[in-house]
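Below is one structure, written out as structure tokens; the observations come after it.
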Amino acid sequence: MSEIRVLDERTINKIAAGEVVERPASVIKELVENSIDAAATHIEVEIMQGGTSFMRVTDNGTGMDKADIEAALLRHATSKLRSVEDLTTLDTLGFRGEALPTIASVSRFSLISRKKGADLGIRLTVVGDREDFTEIGARPGTTIKAEDLFFNTPARKKFLKTTATEAGRISDYLIKFALSHPQIAFRFISGGKLVMTTPGGGDLKEAILAIYGQETADALLPIDFAEGDTKVTGFVSKPSCLRSSRAWQSFIVNGRIIKNYGMMRAIDNAYRAKIPKVGYPFAAIVLTVPQNTIDINVHPQKTEIKFADEAQVFKIVCHAVQTALEGAEKTINTAAAPSSYVAAPVIHELTLPEADAPQAAPSPHRSSSDEEHVSVYAENPPQINVPVTADTS
Ligand code: ADP
Ligand code: MG
């Protein structure tokens, strides 16, 4: 008899979880993507202990009925993709149909959803192999809770970092979501404290202000550039406003937050002549390209995409940023106030001369291999506007 066996569904989900769910931040990312895809205009994320013990995402999106929920928990079940051809035209963030079953397989998972138009909501709890459904009163939309992440996969739990680091990674994602979706109002509560809220009015600058504070907002230069079918908008900071890492740079391509070394280098290139010191400008680059010129399915966590013509993207982004920088210089020159430009650095944490810089100090043109995830909270807490009422401690 053959020794080779087909694995059961639960085992397959647990194995696959390694690709999709590495840490609490990956759970939050998948759940928030689902909320965005469900056309939510309000999304609230609450975590405890960096998400390791408790994560909850609540949205006011389309919601699901019992049949939707049952289907959503099956592997490779998705409402967003019908055939492989759809991958070239897809405008949703999700499409792999893996997130919910994998999250449910490595946490204590529960879900409440009320579909628009339905009188009651449905609560699902998953206990081991059993799925329990109950009808309950609920607001339209969906709330998903994942507790005790990796309680049943202890080996994976060992790889988690401190709760502060895990919370920082979650906050990084939420910042990027808020920047890529300024039309959605986000609330982020960590350890019982409200740490981020964005207005959701659709204005990127308002979102930047809510997240990074007035000083950053005041140092922004708008980008507005088009070449052929490609459009670049967003903001970069004045060369006088530098950061010590790339953590404050966001790249949004067709509504998707991505990592792309070409785009990072395009910024470096545009600033090269302007920046005398080591450092990185703030950037929120919003690129719009024809959907069929990108491949979004090159990474299990969907954090990278492939452009049909990387060199062209590099060139266009570089031009767009250069144009923004030149526009700013012109305005300043015609206003005959160059001194305010040169002499009034907005924020300057970077005073280390290159020779004294510690090992980890970034050089402006690092290779892709040393690009590591850096939490924006690690060294540079953004000034988040916390309503006074939120802090009751
Ligand atoms: P994918 O996002 O790749 O389709 P998921 O496993 O993340 O796969 O979700 C499966 C399906 O469950 C989605 O296609 C969607 O129809 C439904 N779904 C998940 N989360 C939500 C939500 N917050 N609101 C409404 N529908 C949801
Ligand atoms: Mg999804």
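We count ligands from 1, going down the list as the structure has it; atoms in each ligand are counted the same way. As a basis for the values below, the full set of heavy atoms in this structure was taken, side chains included, without hydrogen atoms, waters or symmetry mates. We're numbering straight along the sequence, starting at 1. These numbers were taken from a predicted model, which means no experiment stands behind them.
A salt bridge links Arg130 and Asp132; the closest N-O separation between the charged side-chain nitrogens and carboxylate oxygens is under 4.0 Å. Between Glu46 and Arg56 there is a salt bridge, since a side-chain N of the basic residue sits under 4.0 Å from a carboxylate O of the acidic one.
Taking the six-membered ring for Trp and the full ring otherwise, Phe235 and Phe282 have centroids separated by 6.0 Å or more. The aromatic ring centroids of Tyr280 and Trp248 lie 6.0 Å or more from each other.
Considering only heavy atoms from C-beta on, Lys145 comes within 4.5 Å of Phe54 through its side chain. Counting heavy atoms from C-beta on, the side chains of Ile189 and Val45 never come closer than 4.5 Å.
For atom 20 (N) of ligand 1, the closest non-hydrogen atom on the protein side is Asn34 CB, 3.2 Å. For atom 11 (C) of ligand 1, the closest non-hydrogen atom on the protein side is Ala72 CB, 3.8 Å. Shortest contact from atom 17 (C) of ligand 1 to any protein heavy atom: Met64 SD, 3.6 Å. The nearest heavy-atom contact from the protein to atom 8 (O) of ligand 1 is Gly97 CA, 3.1 Å. Annotation: atom 23 (N) of ligand 1 to nearest protein heavy atom, Asp59 OD2, 2.9 Å. Looking from atom 10 (C) of ligand 1 to the surrounding protein, the closest heavy atom is Ala77 O, 3.6 Å. At the top of the distance list for atom 4 (O) of ligand 1, counting protein heavy atoms only, stands Thr78 OG1, 2.5 Å. Closest to atom 6 (O) of ligand 1, if we only count protein heavy atoms, is Leu100 N, 3.0 Å.
If you look at Thr142 next to ligand 1, the close heavy atoms, those under 4.0 Å, all belong to the side chain. Within the 4.0 Å heavy-atom criterion, neither part of Glu33 lies near ligand 1. Looking at Val57 against ligand 1, nothing comes within 4.0 Å, counting heavy atoms.
Proximity to Ala38 (heavy-atom distance under 4.0 Å) selects the following atoms of ligand 1: 24 (N), 25 (C).
Using a 4.0 Å cutoff on heavy atoms, Glu98 counts as a contact of ligand 1.
Put simply, the side chain of Ser35 gets close to the backbone of Leu31: a donor and an acceptor are under 3.5 Å apart. A donor-acceptor pair under 3.5 Å links the side-chain atoms of Asn60 to the main chain of His42, judged by distance alone.
Checked options Val232, Asn254, Thr233; the residue passing with Leu287 is Val232 (criterion: side-chain contact (heavy atoms from CB on, under 4.5 Å)).
In terms of N/O distances under 3.5 Å, ligand 1 is approached by Ala99.
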